[in-house]
Amino acid sequence: MSKTYLSPRGTADILPDEAAAWLEIERKARRLFHLYRYCEIRTPVFEETALFSRSIGETSDIVQKQMLHLAPPVAGEGAPRLPVFSLRPEGTASVVRAYIQHRLDQREPLSKLYYIGPMFRGERPQKGRLRQFHQIGVEALGPASTSPALDAEVIALSAAVLDAAGVADVRLRVNTLGSLEDKEALSGFLRRVLETRRSGLCPDCRDRFERNVFRILDCKRSTCRGIVAGLPLIEAPLTAASRAYFSRVLDGLEALGVRYVRDPTLVRGLDYYTHTVFELTSRGLGSQDAVGAGGRYDGLAAQLGGPSVAAVGFALGIERMLLAARDAAPISSGPQVFLIPASEGAERIGMSLLAQLRRAGLAADMAYRSASLKALMRQAHKSGALRVGILGEEECREECLTVKNMETGEQRRVSWARAADEISAEFARKGMGRS
Ligand code: HAM
């Protein structure tokens with residue numbers, strides 16, 4: 001027997017009965033992005049590795065442990081050294097790269113961009129944690145992106161997308177890391193307050209103490225959590241300007257009616273953040289409960305060699321959104337009309353009627369096989385069709401179609417010439433149009 005293949009570990013096939021829910025979430029997100037004036041940007045799924053390490057951070061878990069690299073083609077002797085590419089672990093770095101490359105700052109003072117697509121992280125797979133997963137994200141970049149009102153709006157938009165997707169029990173945590181200078185001071189402060197407690201930390205966090213002390217704040221181990229809970233984080237050094245900025249963000253959230261919890265331990269695992277950071281969790285997702293996250297990253301464009309512009313954004317994980325919205329009503333994906341050519345020679349007229357129905361904007365399908373009428377009616381029923389059109393011998397003689405309403409069981413006959421128009425008019429009258 002020949003070998004069969006399975007999808008790689010940590011990836012998932014999205015089968016047709018699930019695809020409808022994906023499309024629905026994407027449709028709702030796109031609608032909201034349109035209302036908030038965001039335009040779509042599509043960037044490659046791989047980039048130079050250095051783009052990610054310079055933006056997300058050399059010492060971050062993503063860069064240290066989770067990057068999926070592309071093996072370069074074997075270069076012959078004397079061939080130029082090829083840059084090393086990696087699959088994108090997130091969207092922000094690529095969007096900033098594209099913003100700089102195409103000088104979007106010269107086109108408009110504020111670029112409001114959104115993306116929907118696959119991201120890749122070589123993590124240990126578990127429920128809600130994949131190696132290929134999908135994000136819906138937005139990034140608002142530009143010289144006119146400096147107001148705390150935009151932080152509040154971006155956070156409100158992320159919550160609105162989750163709400164529209166039916167994600168239940170969402171909790172929003174917010175914090176501020178302050179300006180780039182504040183972050184420096186904050187890391188010194190964290191080292192000072194952790195110094196005496198260092199020996200109680202897990203081996204990873206002892207390492208983080210040197211490399212990236214912020215990461216200790218979101219260690220999941222209970223011993224480290226206990227230590228973090230006892231830290232005087234309220235006393236963390238922040239300039240008056242950064243405090244004022246954050247209080248205006250919180251004011252904005254209140255003005256927009258967004259409920260939040262202030263969490264001084266929230267630091268995020270990506271290095272580019274300054275000022276506002278936030279995370280959205282949904283109860284019931286288990287240990288991987290972060291359904292989305294984001295924040296401000298004012299220094300990133302300049303750090304990547306671009307203009308010094310401010311920026312703020314978020315990304316939501318689609319797989320986790322679907323897990324958290326699992327109880328949402330299933331979306332019907334059946335055809336509006338299912339044709340059954342039930343006699344010799346009826347298939348040809350069936351094909352022509354099918355084309356007419358589709359031209360009239362109706363989702364239509366046909367039984368592409370010969371079987372008993374009973375078996376084909378069973379197939380039609382299973383497909384979820386709203387109307388079934390039967391082309392038996394009599395119908396073919398009289399050039400008409402028997403249309404069965406699958407909800408009421410009623411049957412009526414319409415001529416071939418009128419069928420598409422009449423059925424589509426009936427759907428329009430009843431507000432059942434879908435296409
Ligand atoms: P992140 O927190 O790394 O942020 O990812 C955002 C969301 O992506 C997570 O909350 C989660 O829902 C989903 N996610 C992440 N990793 C996985 C995984 N292995 N499997 C399934 N879902 C996952 C970012 O990516 C930032 N770029 C967000 C951002 C945009 N900040 C500013 N702009």
Side-chain angles (χ1 to χ4, degrees), residues 8-12 14 25 29 38 41 43 47 51-52 55-57 60-63 65-68 87-97 99 111-141 145 150-151 153-155 157-159 161-162 165 167 170-175 177 215 218 266-282 285-301 310-325:
R9 211 163 105 76
T11 69
I14 299 155
I25 283 192
Y38 283 78
I41 182 164
T43 61
E47 301 268 0
L51 170 69
F52 300 123
S55 47
I56 299 167
S60 65
D61 281 0
I62 295 179
V63 169
K65 304 182 192 158
Q66 300 165 2
M67 296 280 275
L68 293 174
L87 293 174
R88 61 180 185 191
E90 55 112 48
T92 312
S94 305
V95 170
V96 175
R97 195 262 313 132
Y99 179 86
S111 299
K112 286 176 144 186
L113 307 168
Y114 80 84
Y115 48 90
I116 300 180
M119 308 292 159
F120 307 84
R121 296 184 192 176
E123 299 194 72
R124 197 168 44 77
Q126 64 179 81
K127 183 183 163 211
R129 190 161 76 186
L130 292 133
R131 290 182 173 161
Q132 175 176 330
F133 59 99
H134 297 75
Q135 284 186 345
I136 297 180
V138 312
E139 314 293 351
L141 310 100
S145 167
L150 191 60
D151 303 50
E153 187 188 278
V154 160
I155 297 174
L157 176 56
S158 68
V161 175
L162 292 182
V167 177
V170 176
R171 181 166 178 256
L172 165 67
R173 290 180 301 133
V174 292
N175 191 23
L177 304 174
R215 309 286 315 126
D218 60 8
L266 180 68
V267 286
R268 309 274 301 121
L270 303 96
D271 278 0
Y272 48 63
Y273 292 111
T274 51
H275 291 287
T276 318
V277 285
F278 63 98
E279 199 160 272
L280 295 137
T281 50
S282 171
L285 276 183
S287 63
Q288 303 303 312
D289 62 352
V291 76
R296 186 163 270 286
Y297 48 98
D298 289 346
L300 185 56
V312 55
F314 69 77
L316 307 172
I318 303 185
E319 285 82 358
R320 292 189 193 172
M321 288 168 76
L322 284 163
L323 279 174

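Note that these values count all heavy atoms, side chains included, but never hydrogens, waters or copies made by symmetry. Ligands are counted one by one from 1 in listed order, and the atoms in each one are counted from 1 as well.
Distance CG/L285 to NZ/K127: 6.0 Å, rounded to 0.5 Å. To the nearest 0.5 Å, the span separating OG on S158 from CD on E279 amounts to 11.5 Å.
The G313 neighbourhood of ligand 1 comprises atoms 30 (C), 31 (N), 32 (C), 33 (N), with distances under 4.0 Å to a heavy atom of that residue. Against a heavy-atom cut-off of under 4.0 Å, L130 is close to the following atoms of ligand 1: 18 (C), 19 (N), 20 (N), 21 (C). Against a heavy-atom cut-off of under 4.0 Å, A315 is close to the following atoms of ligand 1: 6 (C), 7 (C), 28 (C), 29 (C), 30 (C). Taking a cut-off of under 4.0 Å to the non-hydrogen atoms of F314, the atoms of ligand 1 that pass are 29 (C), 30 (C), 32 (C), 33 (N).
No donor-acceptor pair under 3.5 Å is formed between the side chain of E319 and the backbone N or O of L322. Between the side chain of R296 and the backbone N or O of V312, no donor-acceptor pair lies under 3.5 Å. With hydrogens and angles ignored, the 3.5 Å screen pairs a side-chain donor or acceptor of R129 with a backbone N or O of R124. Remark: the backbone N or O of P125 is not paired with any side-chain donor or acceptor of R9 at under 3.5 angstrom. Under a 3.5 Å cut-off, the side chain of N175 and the backbone N or O of L266 do form a donor-acceptor pair. In this structure, the side chain of D298 engages the main chain of A311 through a donor-acceptor pair within 3.5 Å. R320 places a side-chain N or O within donor-acceptor distance of the main-chain N or O of A290, the cut-off being under 3.5 Å.
Contacts between R268 and ligand 1 below 4.0 angstrom, taking non-hydrogen atoms only, involve the side chain exclusively. Of the heavy atoms in R129, both backbone and side-chain atoms come closer than 4.0 Å to ligand 1. For V291, every heavy-atom contact with ligand 1 shorter than 4.0 Å involves the backbone, none the side chain. Residue-level proximity to ligand 1 for M119 is absent, since no heavy atom of it falls below 4.0 angstrom. Looking at F120 against ligand 1, nothing comes within 4.0 Å, counting heavy atoms. Under 4.0 angstrom from ligand 1, the non-hydrogen atoms of Y273 all belong to its side chain. Counting heavy atoms closer than 4.0 Å to ligand 1, residue E139 contributes side-chain atoms (C-beta onward) but none from N, CA, C or O.
Annotation: atom 19 (N) of ligand 1 to nearest protein heavy atom, E123 OE2, 2.7 Å. At the top of the distance list for atom 3 (O) of ligand 1, counting protein heavy atoms only, stands R121 NH2, 2.9 Å. Of all protein heavy atoms, the one lying nearest to atom 8 (O) of ligand 1 is Q135 NE2, 3.1 Å.
Contact between G292 and ligand 1 is present, with at least one heavy atom of the residue lying under 4.0 Å from the ligand.
At least one N/O-N/O distance between E90 and ligand 1 falls below 3.5 Å. Residue contacts with ligand 1: G91 is placed with no nitrogen or oxygen under 3.5 Å of a nitrogen or oxygen of the ligand (distance criterion only). Residue Y272 has at least one N or O atom closer than 3.5 Å to an N or O atom of ligand 1. In terms of polar-atom proximity, F133 is not counted as a contact of ligand 1, lacking any N or O under 3.5 Å from an N or O of the ligand. Close N/O approach between Y297 and ligand 1 is not found [any backbone or side-chain N/O within under 3.5 Å]. Between A290 and ligand 1, at least one N/O pair is under 3.5 Å apart.
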Side chain to side chain contact (heavy atoms under 4.5 Å, CB included) for H134 and M119? Distances and angles first, verdict last. CA-CA 6 Å; H134 297 75; M119 308 292 159; over 6 Å; no
Where do I116 and Q135 land on the side chain to side chain contact (heavy atoms under 4.5 Å, CB included) test, with the steps shown first? CA-CA 6 Å; I116 300 180; Q135 284 186 345; over 6 Å; no
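You'll find the ring centres of Y297 and Y272 inside the 6.0 Å limit.
Classification of E47 and R97 as a salt-bridged pair holds, one side-chain N sitting under 4.0 Å from a carboxylate O.
Looking at G122, S158, G317, G128 and measuring to atom 21 (C) of ligand 1, the nearest heavy atom belongs to G128.
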